[in-house]
Participant: 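Take a look at the following structure, please.
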Amino acid sequence: MKMLQEALREIQRGSAEIIDIQRVEKLLKAYFEEGKTYTVKAGFDPTAPDLHLGHTVLLQKLATFQKYGATIQFLIGDFTAQIGDPTGKSVTRKTLSALQIQENAKSYKEQVFKILDPQMTEVVFNSEWINALGASGMLSLTTTYNVARMLERDDFDKRYKSGTSISISEFIYPLLQGYDSVHLKSDIEIGGTDQKFNLLMGRHLQRAYEIGKEQSVLMMPILEGLDGVQKMSKSLNNYIGVADTPNDMFGKVLSISDELMWRYYELLSAKSLNEIEVLKSGVANGSLHPKTIKEELSMEIVERFHSKEAAQNAKDEFERVHSNSQIPTDIDEFSCDEEIWIAKALVDCNMAPSTSQARRDIKQGAVKINQEKISDEQLQLSSGEYILQVGKRKFAKLKVN
RNA sequence: GGUGAGAUAGUCAAGUGGCCAACGACGGCGGACUGUAAAUCCGCUCCCUACGGGUUCAGAGGUUCGACUCCUCUUCUCACCA
């Protein structure tokens with residue numbers, strides 16, 4: 001009974017909304033009492049296999065479910081990708097070749113199994129059953145829903161009212177996503193809050209097809225990026241990629257604000273709620289320094305995507321460079337054949353976008369050579385080896401012959 | 001198809017003949033303070049070995065000593081009507 005309560009808490013942790021929590025409770029109960037397993041579905045788009053931490057929020061939740069007996073239906077939407085999810089998008093997608101999809105799926109697996117247990121995960125492609133549906137199957141699928149209800153969906157509604165075009169195929173998208181749940185007989189589906197309509201479609205269609213159950217739906221919020229305000233995304237350049245180097249990853253996590261740190265703990269850490277509670281009260285009463293807690297989080301995340309060793313190295317390196325302001329161990333090396341003007345050298349070493357910017361940096365006291373701040377914009381570097389530094393984090397080694 | 005409005009740096013947005021490399025805001029970068037945090041404060045933010053020079057305000061022409069500002073055409077965006 002205690003186990004059940006705790007499982008429920010962990011499952012609800014960080015979620016934005018859960019529909020039909022009672023059913024989730026029943027499934028858990030059946031697991032704890034009779035060892036019965038159940039399925040949790042999550043769909044992914046095969047177009048973007050390079051994940052960042054924002055995507056892993058869902059994965060983390062799936063991992064929690066696995067801990068409590070779920071088999072994950074990891075669905076790669078290779079068929080639906082041809083349509084493009086209309087959610088929040090206005091541009092039509094280019095279609096992917098089968099080969100590309102296979103490749104993307106492969107790199108998905110590599111990244112995803114760092115979090116999920118492969119033993120309890122089925123990777124499935126929806127083209128398999130959707131292609132089998134045929135024209136008549138597709139037609140009967142469309143009879144389960146009507147235009148008026150389709151237009152209830154927020155973004156359709158807005159687009160319709162504002163006169164922006166909505167293609168019929170976009171109407172099909174939620175239907176197909178819902179049909180996936182029919183085929184897979186999913187017990188629970190999880191997704192981002194922006195997916196609400198599509199997720200509910202699964203419930204609707206499971207009822208319409210009379211498969212004897214209606215999936216519960218769990219929605220996770222969108223993770224804020226490094227700035228703490230906007231959602232984490234590649235285009236806003238406020239993301240931490242799961243493929244980032246250990247040092248980058250460590251530094252990025254450490255650079256988030258204290259407030260945001262708790263959010264990351266809630267959504268990303270594998271620590272239990274109780275453990276996190278201990279940390280929180282420790283910080284509140286001053287017995288724990290927030291920086292230490294943040295370091296722990298950074299370590300945990302680096303460890304998850306790289307290794308324990310890499311995490312420790314990243315931490316040591318970070319301390320070397322930033323706490324003791326030493327030179328990092330690995331820095332890019334460049335060389336040139338003759339005496340070179342400092343501003344030009346900075347541009348050549350990718351440390352400044354233009355000589356104008358380089359001059360400004362020098363003027364502002366941001367440039368150091370061999371740890372010494374310089375102020376002479378006209379400085380010429382004669383032959384020798386130099387460690388160049390711009391600001392706090394850009395380093396390069398330059399060899400002048 | 002008709003009518004009207006508009007297009008300015010990474011984004012938003014001033015500027016309606018010279019004072020404009022272009023107000024301001026956001027973002028970004030650097031500095032101070034720190035825990036490479038946040039908050040705060042300060043500076044910078046087209047390019048060029050530069051007290052000077054070059055190229056910019058959707059594109060192409062034109063008027064003028066001089067244009068982001070006026071005229072013509074082109075492209076694109078938006079609103080209303082059909």
Side-chain angles (χ1 to χ4, degrees), chain A residues 90-91 158-159 161-165 224-240 244-265 279-280 282-284 286-299 301-302 314-329 331 336 338-369 371-382 388-396:
Chain A
S90 48
V91 245
K158 277 189 195 134
R159 281 164 66 186
K161 280 186 178 144
S162 74
T164 314
S165 86
E224 293 84 355
L226 297 175
D227 51 61
V229 182
Q230 286 178 287
K231 68 167 189 178
M232 183 175 283
S233 85
K234 210 160 193 179
S235 52
L236 292 170
N237 196 30
N238 61 356
Y239 70 100
I240 302 174
D244 280 357
T245 64
N247 289 347
D248 269 2
M249 210 179 251
F250 189 89
K252 280 183 184 175
V253 179
L254 211 57
S255 79
I256 63 176
S257 71
D258 290 357
E259 211 183 322
L260 189 61
M261 163 173 84
W262 296 120
R263 181 101 173 123
Y264 277 35
Y265 258 112
L279 296 179
K280 260 190 188 167
V283 170
S287 64
L288 287 172
H289 195 292
K291 196 199 170 197
T292 322
I293 313 299
K294 210 184 288 175
E295 271 172 356
E296 250 179 72
L297 177 66
S298 307
M299 295 275 285
I301 289 175
V302 176
K315 190 184 171 202
D316 294 344
E317 177 77 359
F318 187 85
E319 270 164 20
R320 254 168 62 75
V321 177
H322 299 289
S323 307
N324 309 325
S325 57
Q326 310 221 324
I327 313 292
T329 39
I331 53 178
C336 65
E338 51 193 17
E339 189 175 88
I340 186 167
W341 175 42
I342 177 66
K344 195 98 186 96
L346 292 175
V347 173
D348 287 351
C349 296
N350 299 327
M351 301 176 80
S354 66
T355 57
S356 297
Q357 183 60 47
R359 277 164 173 270
R360 275 182 228 119
D361 288 338
I362 295 167
K363 215 178 289 177
Q364 296 192 123
V367 177
K368 288 184 188 162
I369 295 178
Q371 311 261 47
E372 294 286 325
K373 193 175 277 189
I374 61 158
S375 54
D376 180 10
E377 292 172 31
Q378 300 304 326
L379 189 69
Q380 298 291 325
L381 300 177
S382 49
L388 306 177
Q389 180 181 359
V390 176
K392 284 178 187 150
R393 54 189 93 177
K394 276 178 279 186
F395 293 89

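Proteins get letters first, then strands, A, B, ... in listed order; numbering begins at 1 in each.
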Participant: Check side-chain hydrogen bond (donor to acceptor under 3.5 Å, both in side chains) between A:D227 and all other residues, then give those that pass, not counting sequence neighbours.
Facilitator: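 Listed in chain order: A:N238.
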
Participant: Name the nucleic acid region contacted by A:G391, choosing base, sugar-phosphate or nothing; use a 4.0 angstrom heavy-atom cut-off, strictly under.
Facilitator: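 If one applies the 4.0 Å heavy-atom cut-off, A:G391 turns out to touch the sugar-phosphate alone, with no base involved.
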
Participant: Side chain of A:K392 only, please: which of B:rA50, B:rC29, B:rG31 is the nearest?
Facilitator: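 For A:K392, the side-chain atoms sit closest to B:rG31.
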
Participant: B:rA37 P sits how many Å from A:D258 CG, rounded?
Facilitator: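 My rounded result for the distance is 11 Å.
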
Participant: Just distance, no hydrogens or angles: give the donor-acceptor pairs under 3.5 Å from side chains in residues 372-379 of chain A, sequence neighbours left out.
Facilitator:
{"from": "A:D376", "atom 1": "OD1", "to": "A:Q378", "atom 2": "N", "distance (Å)": "2.8"}
{"from": "A:E377", "atom 1": "OE1", "to": "A:R359", "atom 2": "NH1", "distance (Å)": "2.9"}

Participant: In residues 347-356 of chain A, which ones come under 4.0 Å of RNA chain B, going by heavy atoms?
Facilitator: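 Residues of residues 347-356 of chain A that come under 4.0 Å of RNA chain B are, in numerical order, A:S354, A:T355, A:S356.
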
Participant: Would you please name every residue forming a salt bridge (Lys or Arg N to Asp or Glu O under 4.0 Å) with A:R263, sequence neighbours left out?
Facilitator: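 In terms of salt bridge (Lys or Arg N to Asp or Glu O under 4.0 Å), with neighbours along the sequence ignored, A:R263 is linked to A:E224, A:E266.
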
Participant: Mark up nucleotides 39-45 of chain B, 5' to 3', with B wherever a protein heavy atom is under 4.0 angstrom from a base atom, S wherever such an atom reaches only the sugar-phosphate, and - elsewhere.
Facilitator: ----BSS

Participant: Rounded to the nearest Å, what distance is computed from the NZ atom of residue A:K344 to the C1' atom of nucleotide B:rC48?
Facilitator: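 Atom NZ in A:K344 sits about 10 Å away from atom C1' in B:rC48.
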
Participant: Could you give the distance separating B:rG66 and B:rC81 at their C1' atoms, to the nearest angstrom?
Facilitator: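 One C1' to the other, the span is 43 Å.
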
Participant: Can you list the residues that meet the side-chain hydrogen bond (donor to acceptor under 3.5 Å, both in side chains) rule with A:Q357, with sequence neighbours excluded?
Facilitator: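 Result, side-chain hydrogen bond (donor to acceptor under 3.5 Å, both in side chains) vs A:Q357: A:R360, A:D361.
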
Participant: Rounding to a whole Å, what distance do you find between A:L226:CG and B:rA38:P?
Facilitator: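 Interatomic distance, CG of A:L226 to P of B:rA38: 10 Å.
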
Participant: Just the rounded figure in Å: distance from C1' of B:rC26 to CD of A:Q230.
Facilitator: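 In whole Å, B:rC26 C1' lies 10 Å from A:Q230 CD.
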
Participant: Quick one: A:I362 CD1 to B:rG30 C1', roughly how many Å, whole number?
Facilitator: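 In whole Å, B:rG30 C1' lies 13 Å from A:I362 CD1.
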
Participant: Counting the atoms with a prime plus P, OP1 and OP2 as sugar-phosphate, which does A:Q380 contact under 4.0 Å by heavy atoms, base, sugar-phosphate, or nothing?
Facilitator: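 The residue A:Q380 makes base contact.
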
Participant: Taking donor-acceptor contacts at under 3.5 Å, does the side chain of A:D227 reach the base of B:rG27?
Facilitator: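 Per atom types, no contact qualifies.
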
